[in-house]
Amino acid sequence: MSNTNSCDETKRNLIKNTAYAVAGVGAVCAILPFIDSMNPAQDVQALASIEVDVSAIKPGEEKKVMWRGKPIFIKHRTADEIKQAQEVNLSELKDQQPDDARVKAGKEQWLVTIGICTHLGCVPIGGQGDYKGWFCPCHGSQYDTSGRIRKGPAPRNLEVPPYEFINDTTIKIG
Amino acid sequence: MSNRNSKNHLTPEQELETFKSIHLDSPPMQSNLIKWVDSRLPIISALENTLKKHPYPKNLSYWWNFGSIAGIALLVQILSGLFLAMHYVPNTKLAFESVEHIMRDVNYGWLIRYIHAVGASMFFVALYAHMIRGLFYGSYRAPREVLWWVGIVIFLLTMATAFMGYVLPWGQMSFWGATVITNLFSAIPVVGESIVNWLWGGYSVDNPTLNRFFVLHFLMPFLIVGIVLLHLAALHNTGSNNPSGVPMQSKKDAIPFHPYFTIKDMVGFVAFFLVFGYFLFFYPNALGHPDNYIPANPMVTPPHIVPEWYFLPFYAILRAVPDKLGGVLMMFGAIIVLFFLPYLDKSPVRSGAYRPWFRKFFYLFVINFVFLGWLGKSPAEGWYILASRLATMYYYAYFLIILPFLPKFEKTLPVPESIDQHYKKQH
Amino acid sequence: MKLLFFILFLIINTAFASTQSSTSALHPKQQKWEFDGIFGRFDRASAQRGYQVYKEVCSACHSLKLLSYRNLATIGFTEAEIKQIASEYLVSDGPNDDGDMFERAGLPSDRMVGPYANEQAARSANGGAYPPDLSLIIKARHDGANYVYSLLTGYEPAPDGFELASGKNYHPYFEGRQISMPAPLTEDGQLDYKDGTYATKEQMAIDVVNFLQFAAEPETEHRKKMGIRSMLFLLILFVLLLIAKKKVWRNVK
């Protein structure tokens, strides 16, 4: 080792280090598919969007569907419920959101929320509680007719999932 | 009379002692951090000793790469198997479809499944090449007997693991291969049938069998890792054999593992991946059997039940014997006989490179083994039966007759003075 | 040495010997397929026609239950086309709030609907024979693509003196030479291809094999593309490492 001139040694190190670097890149690229295999599979992703026919839901009624393994509340609000939701003073809210930010313009009678309490994950019960929205039996959180948290330990309003009306009677969630 | 060199007549104990006396120079680690960790857990100095101070013969050929290649193959199988296990369902109603779910829906599932299936074959290619090296160069001889025996244990465990793994996709070959091979245990007198029902967890191969094979298939590779560590410990103790068969005697014969064998092993790994990749990406089902893409059906037996290629020679030996128990004993015996190798081969010359007659019989042994494999996938009829019996006889004769008697007659070539001399002559 | 050559001679001889008896199947006719080889790709137009063949001819008896309608996107069907195809089928769902199972129009995410509820129903409708599911048929037969092609195009009248069992058809490419399936492709122009191609028996056979190859191995194109990239990478890495190894070993005397 001591007899080689330093020029040779640098060349040797360059090729050796290049080779190891390329091998390292290869190793990282080889790991990526394994990590991706843990992501949602194609059949799970295919069910990532669902279409729901809402024509049979009468005013005042609520339909529950499953979306990505979670319950979704589709509520057909009455005129009273809409008025109540719109007239709330925002400063009273723990999580300040006006009602029109939680529904689609022109379709205010439809409230679509993920039916999971934002406290610790229980499913709240509809049509109960002081605010006529939902009541969570686990720790007493109460939501209003816009699904907003009014009382109890939950920190945020019921989450509104991404959805759109693809025609007057069908919504596509996700 | 064979040429005898006094240096080759070290007793095994002398060989071990000489080996232990060789220490290579290596500048110590300077970093304070490393010294701090190492004084509390000497793992770093242990690694440093193994990689830089421990002597390795400088004349090792590429035949010595297959051990580390087999190690990489084991790691590839464990990694790919782990990720497959995240999606596979070990239930007879769901197993086949869960594998198809992996192939079609899991992101890169097809890649991981094919890596695992092709990888099993590649693992056995590496193992057989590794064992051929051992057989040719006399690596099983004293003082490496225990190293050799631990190696055979690894071979047996790997075969058991592969056998159970093949059952998991629950195809026709999975089911019927499992049925045929587990049924062999009924050949054991008196307790045979009870043992088989115990293995099955029922009265035929069914869900309990599949479930326990999954658990055991998952567990055994980790056992194998442990035994591989024992294998490496035994090797560390005796030092590597080398193509000349002459033991290391001084520093002039040896070089450290790092950087020489680290870089050489990397070359071997990439060559391995090239062969692996060729099958994996372009012919992933070439080494498998189409019948395993048919869901298992206990009512319909495939016309030819064949195990995977790496079992074929032993399958041929099994079928060569007309008696059921006899066939089982001869098949297992074919591996048990390997344990006795250190005592069957007593030639004064260790390496086949200097034993011309041994070489002829050895090449014939390899060709015969491949021939046995071909016979294993042929139907058991016509002249194939006689051929299987003759080939089985040669297999056993090589170990039990040829090797013990060869030293009495063979004229060996002169063995090199030292590894140093051997290396200089080759370069 | 002589023994060596004798053994080699035996091996080579038997490897190439063909056991021709009157009931063993002929080797499949060899065709060139666009999906073969390291550069293999799907012929999308052909595979789409092949789906039409499957739908209008084969699906009367054969299921394709490992595929979902959404998988058709791989061979070039649009989202709208897939939605339309799926909606033409009735899929069992439920139980509803009354506890009953019900039928609804298919969705792209549904598995393809087969002709029979289960194997027993299939056998009962086909004189005891079971028309196998075709999702994997090309991987489940030796030389699968050529085999299926030969099966579809190889029907012949039985030779004189051949004893045909009742309910069976003579077929030189089927093991045992007696197959339960009657020829499914009976005449040229049997169906009207949507893209206007004339549907000769030959064309239909080729198209349906292209489709079934996709059905069995939808990852074919991705796998081979990845293969070429990986092998090139490994070759370059191999050369680099080999040069590095020789340089490192240069000072071992």
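Below, chains carry the letters A, B, ... as their sequence lines are ordered, and counting in each starts from 1.
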Novice: Given heavy-atom pairs under 4.5 angstrom as the criterion, report whether the side chain, backbone, both or neither of C/Leu240 touches chain B.
Specialist: neither

Novice: In sequence, state the C-alpha distance, the side-chain angles, and the governing distance for C/Asp143 and C/Tyr149, and then conclude on side chain to side chain donor-acceptor pair (under 3.5 Å).
Specialist: CA-CA 10 Å; C/Asp143 197 13; C/Tyr149 171 79; over 6 Å; no

Novice: Within residues 106-128 of chain C, which residues come under 4.5 Å of chain B, heavy atom to heavy atom?
Specialist: C/Arg111

Novice: For B/Tyr114, is it the side chain, the backbone, both or neither that has a heavy atom under 4.5 Å from a heavy atom of chain C?
Specialist: side chain

Novice: Measuring centre to centre across the rings, with the benzene-like ring taken for any Trp, is C/Tyr89 within less than 6.0 Å of C/Tyr69?
Specialist: yes

Novice: Can you tell me if B/Tyr398 and B/Asn368 form a side-chain donor-acceptor pair at under 3.5 Å?
Specialist: no

Novice: In terms of heavy-atom proximity below 4.5 Å to chain B, should C/Glu175 be classed as side chain, backbone, both, or neither?
Specialist: neither

Novice: Which region of B/Lys424, side chain (C-beta onward) or backbone (N, CA, C, O), has a non-hydrogen atom less than 4.5 Å from a non-hydrogen atom of chain C, or is it both or neither?
Specialist: side chain

Novice: With rounding to the nearest 0.5 Å, note down the distance linking CZ in B/Phe371 to CG in B/Leu312.
Specialist: 13.5 Å

Novice: Should C/Phe77 and C/Tyr51 be marked as a ring-ring contact (aromatic ring centres under 6.0 Å, His included) after you check the CA-CA gap, both sets of side-chain angles, and the distance that decides it?
Specialist: CA-CA 10 Å; C/Phe77 284 94; C/Tyr51 174 64; 5.8 Å; yes

Novice: Heavy-atom distance under 4.5 Å to chain C: side chain of B/Tyr278, backbone, both or neither?
Specialist: both

Novice: Heavy atoms, side chains only, cut-off 4.5 Å: are C/Ile137 and C/Tyr147 in contact?
Specialist: no

Novice: So for B/Asn292, is it side chain, backbone, both, or neither that comes closer than 4.5 Å to the heavy atoms of chain C?
Specialist: neither

Novice: Are B/Asn242 and B/Trp64 close enough, and set up right, to give a side chain to side chain donor-acceptor pair (under 3.5 Å), and what steps lead you there?
Specialist: CA-CA 8 Å; B/Asn242 69 84; B/Trp64 265 257; over 6 Å; no

Novice: Give, as side chain, backbone, both or neither, the part of B/Leu375 having an atom under 4.5 angstrom from any heavy atom of chain C.
Specialist: neither

Novice: What part of B/Tyr423 gets within 4.5 angstrom of chain C, counting heavy atoms only: side chain, backbone, both, or neither?
Specialist: side chain

Novice: Using heavy-atom distances under 4.5 Å, tell me whether B/Tyr394 contacts chain C through its side chain, its backbone, both, or neither.
Specialist: neither

Novice: Under 4.5 Å, counting heavy-atom pairs only, tell me which of C/Arg141, C/Lys224, C/Met226 racks up the most with chain B.
Specialist: C/Met226

Novice: Is B/Asn65 close to B/Lys264 at the side-chain level, that is, under 4.5 Å between some pair of heavy atoms?
Specialist: yes

Novice: Run the side chain to side chain donor-acceptor pair (under 3.5 Å) check on B/Asp420 and B/Ser418 step by step: do they pass?
Specialist: CA-CA 5 Å; B/Asp420 188 36; B/Ser418 66; 5.0 Å; no

Novice: Are the aromatic rings of C/His222 and B/Tyr108 close, with centres under 6.0 Å apart?
Specialist: yes

Novice: Apply salt bridge (charged side-chain N to carboxylate O under 4.0 Å, His left out) to residues C/Glu221 and C/Arg44 and explain how you reach the verdict.
Specialist: CA-CA 12 Å; C/Glu221 291 187 344; C/Arg44 278 170 173 60; 3.1 Å; yes

Novice: Using heavy-atom distances under 4.5 Å, tell me whether B/Ile255 contacts chain C through its side chain, its backbone, both, or neither.
Specialist: side chain

Novice: Identify which part of C/Ser135 has an atom lying under 4.5 Å from any heavy atom of chain B, answering side chain, backbone, both or neither.
Specialist: both

